Amino acid sequence: MSDRVRDEGNSDFYARLGVEPMGKEGRTHFSNELTPEIAGKDVVLVGWVHILRDKGKLKFLILRDEHGTAQVTISQDKVPPDVFTVSGQLKPESVVAVKGRVVKAGQVERGVEVVPTRIRLINTAERLPIDVVEGKVDIDLETRLNNRILDLRKPRVNAIFHVQHCLVKWAREYLVKNAFIEIHTPKLVAEATEGGANLFEVKYFERKAYLAQSPQFYKQLMLLAGFGRVYEVGPVFRAEKHNTRRHVNEYTSFDFEMAWISGVEDVMNMEERMLEYAFKQTIKEASAELELVGVKLQTPKVPFKRIKHAEAIDLVNETGMHLSYEDDLDPECERILGEIFPEKYGTDMVFITHYPLGLRPAYTMPSLTDEGKTESFDLTYKGMEITTGGQRIHLYDLLVERFKAKGFDPAHFAFYLDPFKYGAPPHGGLGLGVERLTMQTLGIENVREATLLPRDRDRLTP
RNA sequence: GCCCCUGUAGUGUAGUCCGGUCUAGCAUAGGCGACUGUCACUCGUCUAACCCGGGUUCAAAUCCCGGCGGGGGCGCCA
């Protein structure tokens with residue numbers, strides 16, 4: 001077919017394929033703009049055939065666009081014959097442009113329906129590999145992800161990413177209002193930043209390079225470069241062969257870093273106020289999407305509860321676990337704490353602070369008040385870690401000492417360490433997992449559902 | 001790296017333990033037909049599947065062996 005199209009030029013390929021170009025008669029209204037107030041008006045709707053309830057001489061076409069659905073009612077004795085004919089040929093997910101009059105209709109939820117004077121088929125759709133209409137059969141996540149583009153058309157799935165957009169947008173705006181500037185750091189790097197997570201190796205001409213596991217070093221260096229407050233929202237890569245509902249191999253990290261802080265408390269203050277603002281604005285702006293997903297979102301109260309790592313260990317041990325103060329809080333502990341926090345503190349947003357030195361990266365500021373601990377924190381939300389942050393070491397000698405203590409050769413990190421010789425400001429910051437924030441906010445079970453196009457253990461497409 | 005589970009129509013499942021009644025059931029999707037107020041429309045009808053290879057057996061979706069595929073968990077982390 002494509003060869004024929006080429007060979008015969010552009011004269012008439014729309015007609016030959018049985019479709020029409022968009023033309024000049026474009027959309028005048030979105031589905032959600034159809035209200036009883038505009039009854040009597042002529043409109044053009046453009047979108048997909050969501051459902052066609054064909055009752056013979058009477059057909060109900062549910063048209064879906066970016067903002068919802070609207071009913072087009074095609075009654076044989078009220079529409080032109082050609083409109084009636086075309087309507088009978090529509091398939092699920094056909095693309096159509098419907099011109100017609102808005103008519104009040106008490107039977108319809110929206111209060112109005114459209115009586116068409118013209119229906120143009122803009123594009124055809126083959127039999128669907130998965131249903132776009134939800135609620136008929138449960139589809140495995142695997143199958144959904146294999147057909148992710150169609151899957152994302154489902155209003156409920158689409159709404160997840162509208163909410164994500166809002167959360168990020170308003171968090172960003174909060175930072176911008178607080179004198180942060182957005183930076184863009186390299187994703188191709190020469191060395192690991194934290195040792196822990198494995199790196200993806202890539203060919204860099206005649207050398208090896210890696211995909212960045214975090215913008216950590218660069219955002220710190222930008223403070224040393226004289227930008228007082230910076231943030232970046234970008235991809236990070238983890239070459240871990242994990243296969244869990246909380247992990248993917250590429251995710252979006254929302255990072256910020258701020259100079260001239262008195263201590264880690266300044267970073268936590270910034271984050272809690274940023275999230276408070278982002279939640280508040282999202283609840284306002286994405287109310288329709290939140291309702292679609294079925295989530296009644298509350299703005300978390302500031303200040304968030306803070307407890308020390310050692311206290312968290314105590315709380316977990318009270319439930320019968322046997323952890324030492326040097327142990328990390330594994331997913332089971334996080335789950336337990338996720339149940340304890342709401343009962344005990346009436347909140348599901350809790351900072352866990354003062355992690356032991358052994359559990360934190362080399363650049364983390366040791367604590368003066370708590371021997372062997374760090375000026376660091378995690379933010380847990382509904383029993384899952386969504387942020388890691390802390391005060392960073394700005395003193396060159398101490399930084400080198402800590403790198404050595406972690407078993408890193410400072411010579412390999414000269415590009416990072418050397419600038420600290422020349423007057424680095426005290427600073428701190430954090431990294432927030434955008435998809436994890438989304439999944440916890442919306443009560444989603446698997447982070448892949450909160451990831452547009454997930455990259456996991458064996459998924460590289462779509 | 002370690003551990004557990006699992007492959008049946010486009011999709012989701014029943015059947016597998018205890019081989020025959022499976023000519024493989026159901027739902028949804030799809031084709032065709034009927035229906036002028038549906039709203040996951042309804043009704044009728046048709047199409048469509050046992051991951052691959054080998055073995056055991058009179059007989060294999062079912063048992064055994066090998067291969068391939070899929071899902072989840074742990075460690076690590078956001």
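Computation of the quantities below employed the complete heavy-atom set of this structure, encompassing side-chain atoms and omitting hydrogens, waters and symmetry-equivalent molecules. The chains referred to below are lettered A, B, ... by the order of the sequence lines, with proteins before strands, and numbering in each begins at 1. As the structure is a computational prediction, the values presented were derived from the model and not from experiment.
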Would you tell me whether [X] and [Y] have side-chain atoms, one donor and one acceptor, within less than 3.5 Å of each other?
X	Y	answer
A:Asn249	A:Arg459	no
A:Arg238	A:Tyr251	yes
A:Glu276	A:Tyr174	no
A:Tyr210	A:Glu201	no
A:Thr185	A:Lys187	yes

Interatomic distance, [X] [atom1] vs [N] [atom2] [rounded to whole Å]:
X	N	atom1	atom2	value
A:Leu52	B:G37	CG	C1'	14 Å
A:Lys57	B:A34	NZ	P	10 Å
A:Asp328	B:G75	CG	P	9 Å
A:Lys382	B:A78	NZ	C1'	17 Å

When you measure only distances, ignoring hydrogens and angles, does the side chain of A:Glu113 come within 3.5 Å of the base of B:G37 through a donor and an acceptor?
yes
Neighbours of RNA chain B within [range], by heavy-atom distance under 4.0 Å:
range	answer
residues 90-110 of chain A	A:Lys91, A:Pro92, A:Gln107, A:Val108
residues 165-176 of chain A	none
residues 298-312 of chain A	none
residues 271-282 of chain A	none

Geometric class of the A:Phe217/A:Tyr363 ring pair [parallel <30°, tilted 30-60°, perpendicular >60°]:
perpendicular
Between [X] and [N], is there a side-chain N or O to OP1/OP2 distance below 4.0 Å?
X	N	value
A:Ser75	B:G37	no
A:Arg238	B:G75	no
A:Thr143	B:U11	no

Closest to the 5' end of RNA chain B, once A:Ile51 and A:Ile139 are matched to their nearest nucleotides, is A:Ile139
Mapping A:Asp456 and A:Val447 to their closest nucleotides on RNA chain B, which lands nearer the 5' end?
A:Asp456
Residue pair A:Asp378, A:Arg360: steps toward the salt bridge (charged side-chain N to carboxylate O under 4.0 Å, His left out) verdict
CA-CA 11 Å; A:Asp378 277 4; A:Arg360 289 284 154 158; 2.6 Å; yes
Rounding to 0.5 Å, atoms CE (A:Met349) and CG (A:Leu275) come to a distance of 5.0 Å
Is there ring stacking between A:Tyr251 and B:A78, where the centres must be under 5.5 angstrom apart and the planes under 30 degrees?
yes
Can you pull every protein N or O that's under 3.5 Å from an N or O on nucleotides 26-28 of chain B?
unit_1: B:U28; atom_1: O2'; unit_2: A:Asp131; atom_2: OD2; d: 3.2

Sugar-phosphate means primed atoms, P, OP1 and OP2; the rest is base. With that split, encode nucleotides 42-47 of chain B 5' to 3' as B, S or - using protein heavy atoms under 4.0 Å.
------
What's [X] touching, base or sugar-phosphate or nothing? Going by heavy atoms closer than 4.0 Å.
X	answer
A:Val434	nothing
A:Asn446	sugar-phosphate
A:Arg246	base
A:Thr387	sugar-phosphate
A:Ser253	nothing
A:Gln71	base

Sequence-distant partners of A:Phe200, ring pair (Phe, Tyr, Trp, His ring centres under 6.0 Å), two or more places apart
none
Would you say NZ of A:Lys78 has more than 12 non-hydrogen atoms from neighbouring residues, nucleotides or ligands within 6.0 angstrom?
no
For A:Glu173, does the CD atom sit with more than 12 other heavy atoms under 6.0 Å from it, leaving out its own atoms?
yes
Any residue meeting side chain to side chain donor-acceptor pair (under 3.5 Å) with A:Gln220, in chain and number order, not counting sequence neighbours
A:Gln216, A:Tyr416, A:His427
Would you check if A:Thr252 and A:Gln164 make a side-chain contact, meaning some heavy-atom pair closer than 4.5 Å?
no
Quick one: stems for RNA chain B, with Watson-Crick or G-U pairs under 3.5 Å, at least three in a row?
B:1-7 with B:68-74, B:10-13 with B:25-28, B:30-34 with B:42-46, B:51-55 with B:63-67
With sequence neighbours excluded, give me every salt bridge (Lys or Arg N to Asp or Glu O under 4.0 Å) pair touching residues 35-51 of chain A.
A:Asp42-A:Arg101
salt_bridge([X], [Y]) N-O dist < 4.0 Å:
X	Y	value
A:Asp138	A:Arg144	no
A:Asp255	A:Lys219	yes
A:Arg246	A:Glu385	no
A:Lys91	A:Glu126	no

Residues 64-110 of chain A vs ring pair (Phe, Tyr, Trp, His ring centres under 6.0 Å), sequence neighbours excluded, gives A:Phe30-A:His67
Quick one: which of B:G75, B:U36, B:A78 gets closest to the side chain of A:Asp77?
B:U36
Which nucleotide, B:G37, B:U11, B:G12, lies nearest any side-chain atom of A:Ile130?
B:U11
Between protein and nucleic acid, restricted to nucleotides 1-3 of chain B and to nitrogen or oxygen atoms under 3.5 Å apart, what atom pairs and distances do you find?
unit_1: B:G1; atom_1: OP1; unit_2: A:Lys241; atom_2: NZ; d: 2.6
unit_1: B:G1; atom_1: O6; unit_2: A:Lys241; atom_2: O; d: 3.4

